[in-house]
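Notes to accompany the following structure.
For clarity, every value in this text was computed on a predicted model and none was experimentally measured.
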Amino acid sequence: DPDDAEWAGSFTEYGTRFVSAVCRGNVMGTQFHPEKSGATGLKLLENFVAIVSEQSGTRTVGADARNTGD
């Protein structure tokens with residue numbers, strides 16, 4: 001429900017306004033498949049993992065680090 005701002009992580013305007021991501025605590029859900037969006041979707045997933053890792057205090061190895069041996 002677009003009026004439930006407590007859970008709304010993002011909104012999209014596409015003919016009508018709708019909630020395109022929901023967030024509550026450490027759970028986030030989206031209404032699309034970034035893994036099917038080629039390089040742009042993969043970058044979105046990489047950024048998401050980096051943000052979650054930073055917030056949780058863990059270190060992840062991204063694509064750039066893998067290529068350099070870090």
- Task: Find the distance between CD (Glu6) and SG (Cys23) and round it off to the nearest 0.5 Å.
- Result: 11.5 Å

- Message: According to a hydrophobic-cluster definition based on side-chain heavy atoms being under 4.5 Å apart (Ile, Leu, Val, Met, Phe, Trp, Tyr only), do Leu42 and Val49 belong together?
- Response: no

- Please name all residues satisfying side chain to side chain contact (heavy atoms under 4.5 Å, CB included) with Leu44, sequence neighbours left out, ordered by chain then number. Phe32, Pro34

- Could I get the full list of side chain to side chain contact (heavy atoms under 4.5 Å, CB included) partners for Ser37, not counting sequence neighbours? none

- Query: Do Val19 and Trp7 pass the side-chain contact (heavy atoms from CB on, under 4.5 Å) test, and can you show the C-alpha distance, the side-chain angles, and the key distance before you say yes or no?
  - Reply: CA-CA 9 Å; Val19 176; Trp7 285 68; over 6 Å; no

- Task: Start with the C-alpha gap between Phe48 and Met28, add the side-chain angles, then the distance that decides, and say whether side-chain contact (heavy atoms from CB on, under 4.5 Å) holds.
- Result: CA-CA 10 Å; Phe48 178 79; Met28 181 178 188; 3.5 Å; yes

- Spatial distance of atom OG1 (Thr40) from atom CG (Leu45) [nearest 0.5 Å]: 11.0 Å

